[in-house]
Amino acid sequence: MPSIHSKLQIGVKLTGNAAAVMLNTAMMRCPLAAAFLLAAVRFVDAGGYPAPAESDYAIRDFKFTSAETLPELRIHYRTLGTADKDSQGKTTNAVLIMHGTTGTGAQFIRPEFAGELFGNGQPLDATKFFIVLPDGIGHGKSSKPSDGLRTKFPRYGYRDMVDAQYRLLIDGLGVNHARLVMGTSMGGMHTWLWGETHPDFMDALVPLASLPTQISGRNRAWRRIIFDGIRSDPGWSGGEYKTQPPSLHTAAEMLWFMSSNPLLRQKEAPTLAKTDEALDKFVADIVKADDANDVLYALEASRDYDPGLDLEKIRAPLLAINSADDLINPPELGILEREIKRVPQGRAVVIPLSEETRGHGTHTIAALWKDQLVRLLAESKSN
């Protein structure tokens, strides 16, 4: 299921027209050969990094901050590389990367992110690092309302999601230390919480497209509009709908409005007809892939996010990266610049508007900020 913050650039790029022709021909003549060719094309396009391995970790009797309990919480995850430990048994090369709202760990396996970071000689070379990409609670292939419980699914929050990620690493994967914890959008917000709740667990932190403060103002309002719309929709039927309610269309339209910058939207939709066409396609893609209850829960999960109380507890070097054209976290608020001063080893970068930036989605265009990541990795050392 694609993330609401990465709908602008969906799909896997092939390595030129020749590769596309070869793939189409192979699929018609020999499905098995096509499978091998597709794998090879993806490997080459990925810049030399291996395909991720996927698995699930089951947490028994998981207790949420709401006091609700799930007999078994399934956390799906992807990994690249192999974990290394030093002579004292401490994991030395683990990298945790967390996705945005309604996204999955799969959203990072794309040329503009993995292709810039995970290949040979790149900043997070998968032959040297052990990269962990979990699907958060309520997302992807992890336990979520649409699995069957619907509105009986426990009300999870961001702190529950961080707790589940921690238990995946510690108990599920045997990772007792992280070289780097980072995330985009919601995952960026999780990164701030990771730094506060587990301050000695990591060597460095990189929250992208997020602010270290409670969800408020316009950021709260657009979320509230969506889940109020879903709950007041007669078609929602208290969460027991047979087909997706019309309010999911409205939610998708709001996401299209917030997820990019005005210049890019005007460029791709310069007329009334083109705008309607782009919006209709965006909405259709979301309605096919998403579920109203899952979207409702995912957006409401931000209610317990408030890292501003404990920023001084963050001990690891932290690099916060935002973009000037982010409508969800606009720099004119001055929040990042003010709050980063409270982080003992904190530094903030705001990427200027350019033809390459993508509003909130700039977080996934690694070419725009990976030099800053390289600097942080060089400056931070294992404790």
Side-chain angles (χ1 to χ4, degrees), residues 1-7 54-78 96-108 132-169 172 183-191 193-194 210 215 220 222-224 226-231 236 238-241 244-245 247-248 251-252 254-255 286-305:
M1 179 171 64
S3 167
I4 64 174
H5 303 309
S6 58
K7 296 290 197 304
E54 296 191 46
S55 190
D56 294 307
Y57 177 63
I59 305 175
R60 306 293 179 184
D61 299 317
F62 186 86
K63 188 172 183 179
F64 294 79
T65 55
S66 64
E68 298 170 279
T69 301
L70 202 61
E72 180 178 292
L73 175 68
R74 181 183 68 257
I75 297 298
H76 188 76
Y77 63 92
R78 296 161 181 82
L96 173 66
I97 306 179
M98 299 164 288
H99 61 76
T101 306
T102 78
T104 75
Q107 73 185 54
F108 299 115
V132 182
L133 309 171
D135 291 352
I137 298 174
H139 293 69
K141 297 178 184 179
S142 292
S143 296
K144 57 186 182 295
S146 62
D147 289 341
L149 288 178
R150 299 193 177 195
T151 57
K152 294 181 178 64
F153 193 85
R155 295 286 165 183
Y156 66 86
Y158 282 5
R159 293 185 180 276
D160 295 314
M161 300 177 83
V162 169
D163 183 30
Q165 294 157 4
Y166 179 77
R167 293 171 68 174
L168 165 66
L169 292 184
T184 62
S185 191
M186 177 183 72
M189 291 186 272
H190 289 175
T191 302
L193 295 178
W194 261 94
S210 62
I215 300 294
R220 169 62 178 177
W222 74 265
R223 298 165 190 266
R224 174 75 183 270
I226 289 176
F227 55 72
D228 279 358
I230 292 174
R231 282 210 166 90
W236 182 60
E240 297 299 322
Y241 45 85
Q244 294 299 326
S247 52
L248 186 59
M254 179 61 73
L255 298 175
I286 286 188
V287 171
K288 283 189 296 185
D290 289 355
D291 174 83
N293 283 332
D294 290 347
V295 171
L296 175 67
Y297 269 72
L299 288 171
E300 287 194 327
S302 63
R303 67 188 178 280
D304 70 346
Y305 176 68

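As a basis for the values below, the full set of heavy atoms in this structure was taken, side chains included, without hydrogen atoms, waters or symmetry mates. Nothing here was measured: the structure is a model prediction, and the numbers come from that model.
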Mind running side-chain contact (heavy atoms from CB on, under 4.5 Å) on Ile137 and Ser142 for me, showing each step along the way? CA-CA 6 Å; Ile137 298 174; Ser142 292; 5.8 Å; no
Quick one: does any side-chain atom of [X] pair with a main-chain N or O of [Y] as donor and acceptor, under 3.5 Å?
X      : Y      : answer
Thr101 : Met186 : no
Asn293 : Gly239 : yes
Glu68  : Arg155 : yes
Ser146 : Asp294 : no
Glu54  : His76  : no

Spatial distance of atom [atom1] ([X]) from atom [atom2] ([Y]) [nearest 0.5 Å]:
X      : Y      : atom1 : atom2 : value
Arg74  : Ile59  : CZ    : CD1   : 11.5 Å
Leu255 : Leu248 : CG    : CG    : 9.0 Å
Ser143 : Asp56  : OG    : CG    : 8.5 Å
Gln165 : Asp163 : CD    : CG    : 9.5 Å
Ile230 : Leu299 : CD1   : CG    : 7.0 Å
Met161 : His190 : CE    : NE2   : 4.5 Å

Locate the shortest heavy-atom distance separating [X] from [Y]; write the atom from each residue and the value.
X      : Y      : value
Val132 : Pro134 : O-CD, 3.5 Å
Ser210 : Ser185 : CB-O, 3.9 Å
Tyr158 : Tyr305 : CD2-CB, 3.6 Å
Ser247 : Gly229 : CB-O, 3.5 Å

Enclosure of Arg231 CZ (heavy-atom neighbours >12, cutoff 6.0 Å): yes
Does the side chain of Tyr156 come under 3.5 Å of the side chain of Asp304 through a donor N or O and an acceptor N or O? no
Can you check whether [X] reaches [Y] side chain to side chain, under 4.5 Å on heavy atoms?
X      : Y      : value
Lys141 : Thr104 : no
Gln244 : Asp291 : yes
Trp236 : Thr151 : yes
Leu73  : Arg167 : no

Ring geometry between Tyr297 and Phe153 (parallel below 30°, tilted from 30 to 60°, perpendicular above 60°): perpendicular
Let me know which of Arg303, Arg224, Met189 forms a side-chain contact (heavy atoms from CB on, under 4.5 Å) with Ile215. Met189
So, Phe108 versus His99, ring centres under 6.0 angstrom or not? no
Both conditions, 6.0 Å and 45 degrees, for the charged tip of Arg150 above the ring of Tyr241: are they met here? yes
Stepwise side-chain contact (heavy atoms from CB on, under 4.5 Å) check, Leu149 with Leu70: CA-CA 11 Å; Leu149 288 178; Leu70 202 61; 3.8 Å; yes
Lys/Arg-Asp/Glu bridge criterion (N-O < 4.0 Å) met for Lys63, Asp160: no
Can Lys144 and Asp135 be counted as an ion pair, charged N to O under 4.0 angstrom? no
